[in-house]
Structure formats: structure tokens, C-alpha cells
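Below is one structure, written out as C-alpha cells; the observations come after it.
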Amino acid sequence: QVHLVESGGGLVQAGGSLRLSCAASGRTYRTFAMGWFRQAPGKEREFVAAINWGSGNTDYADSMKGRFTISRDNTKITVYLQMNSLKPEDTAVYYCAARRGDLIYDTPFQYEYWGQGTAVTVSS
């Protein structure tokens with residue numbers, strides 16, 4: 001079992017920045033990937049970004065490219081999401097997810113482990 005704990009959410013004005021963190025603990029796997037998803041009220045959970053832990057390869061949703069950056073800290077087993085130029089439409093609960101294997105996906109059902117989420121609110 002992998003346990004994921006997100007932090008770093010909060011209230012920020014439009015144009016501001018936040019950095020989310022997701023610390024992983026518990027069982028470890030030789031190859032795995034981690035991702036960020038978000039869910040706004042009344043909407044489906046959507047892909048934000050993902051990273052292959054071993055290679056560092058990343059993938060982003062088109063609307064986040066250039067504004068968001070996913071990264072990892074191997075020693076802390078922590079993944080980060082740096083969010084810049086935030087917009088009110090970025091308001092959502094952001095979830096960290098993890099899956100075994102080398103591949104990274106942009107669909108929630110491909111991920112086995114989930115955190116509880118951290119809320120991000122961007123005011124206009």
C-alpha cells in the first residue's frame with residue numbers, strides 16, 4: 001500500500017503562484033509514476049501533469065503547459081506541482097496519484113493510489 005499526502009493548497013489571487021507537495025510513504029516499487037489531477041465543483045476529475053519517477057519524463061495537460069511544472073525529489077519521495085500565473089478557473093481540489101510501472105497516463109482510472117486532496121482557490 002502506498003500512502004500519499006498532499007499539502008500546499010490555499011487561497012491566492014489571480015496571477016499568483018502556489019507550490020503543491022505530495023509525500024509518498026509505505027510500499028515502494030522499482031518503477032512507478034506519479035501525477036496530479038484536479039476536480040472543480042460539479043466537474044469531472046481532470047488530468048494536470050504526471051512524471052515517471054525513474055526517467056523524469058513528464059506530461060502535461062495542454063491548458064497547464066507553460067504555467068505548471070511537475071518535479072520530484074528522489075530522497076524525499078515527494079512530487080511537486082509548481083503553479084504559476086494562476087487563474088480563477090484553476091480553482092479546484094488537487095489530487096496526487098501514483099501507479100506502478102513506467103508509463104504515465106492522463107486518465108484517473110490508470111492510477112492505483114490517491115491522496116485526500118488539497119484545495120486551491122484563485123480569486124479574481
- Message: Is the shortest side-chain heavy-atom distance between Q82 and S71 below 4.5 Å?
- Response: no
- Task: Give a yes or no on whether the backbone of R100 and the side-chain of E112 come within a donor-acceptor separation of less than 3.5 Å.
- Result: yes
- Task: With the side chain counted from C-beta on, respond yes when T118 and Y95 share a heavy-atom pair under 4.5 Å apart, and no when they do not.
- Result: no
- Message: For P88 versus S124, what's the shortest heavy-atom pair and its separation?
- Response: CG-CB, 3.8 Å
- Message: Consider side chain to side chain contact (heavy atoms under 4.5 Å, CB included). Of F32, Y113, Y111, which one does R99 pass it with?
- Response: Y111
- Min side-chain heavy-atom separation M34-C96 under 4.5 Å: yes
- Task: Test V120 against V93 for side-chain contact (heavy atoms from CB on, under 4.5 Å), laying out the working first.
- Result: CA-CA 6 Å; V120 172; V93 176; over 6 Å; no
- Linking I/L/V/M/F/W/Y whenever any side-chain heavy atoms sit under 4.5 Å apart, do V12 and Y94 land together? yes
- Item | Exercise: identify the closest heavy-atom pair between S17 and N84 | OG-OD1, 2.9 Å
- Query: Would you call I104 and I51 a side-chain contact if the rule is heavy atoms closer than 4.5 Å?
  - Reply: no
- Message: Using the rule given for side-chain hydrogen bond (donor to acceptor under 3.5 Å, both in side chains), can you reason through T78 versus D73, listing the C-alpha separation, both sets of side-chain angles and the distance that settles it, and then say yes or no?
- Response: CA-CA 5 Å; T78 298; D73 184 325; over 6 Å; no
- Under 3.5 Å donor-acceptor, T91 side chain and V122 backbone: yes
- Item | Stepwise side-chain hydrogen bond (donor to acceptor under 3.5 Å, both in side chains) check, R19 with Y80 | CA-CA 7 Å; R19 189 177 81 154; Y80 303 98; 4.6 Å; no
- Tightest non-hydrogen contact, residues L81 and A49, listed as CD1-CB, 4.3 Å
- Query: Rounded to the nearest 0.5 Å, how far does SG of C22 lie from CD of E6?
  - Reply: 5.0 Å
- Item | Verdict with supporting geometry, Y60 and D62, side-chain contact (heavy atoms from CB on, under 4.5 Å) | CA-CA 6 Å; Y60 295 90; D62 288 342; over 6 Å; no
- Task: Could you grab the distance from atom CE of M83 to atom CH2 of W36, nearest 0.5 Å is fine?
- Result: 8.0 Å
- Do R38 and D90 have side chains that get closer than 4.5 Å, going by heavy atoms? yes
- Message: Give me the atom names and distance for the closest heavy-atom approach of V2 to A24.
- Response: CG1-CB, 4.5 Å
- Taking a hydrophobic cluster as the set of Ile, Leu, Val, Met, Phe, Trp and Tyr residues connected by side-chain heavy atoms closer than 4.5 Å, whether directly or through intermediates, do I70 and F47 fall within one such cluster? no
- Item | Cation-aromatic face contact R45/F37, 6.0 Å, 45 degrees | no
- Message: Does D59 form a side-chain contact (heavy atoms from CB on, under 4.5 Å) with N57? I'd like the steps, not just the answer.
- Response: CA-CA 7 Å; D59 188 25; N57 289 339; over 6 Å; no
- Query: Is W114 linked to L103 within one hydrophobic cluster, defined over Ile, Leu, Val, Met, Phe, Trp and Tyr using a side-chain heavy-atom separation of less than 4.5 Å?
  - Reply: yes
- Task: Decide yes or no for V48 and F68: does some side-chain heavy atom of the first lie under 4.5 Å from some side-chain heavy atom of the second?
- Result: yes
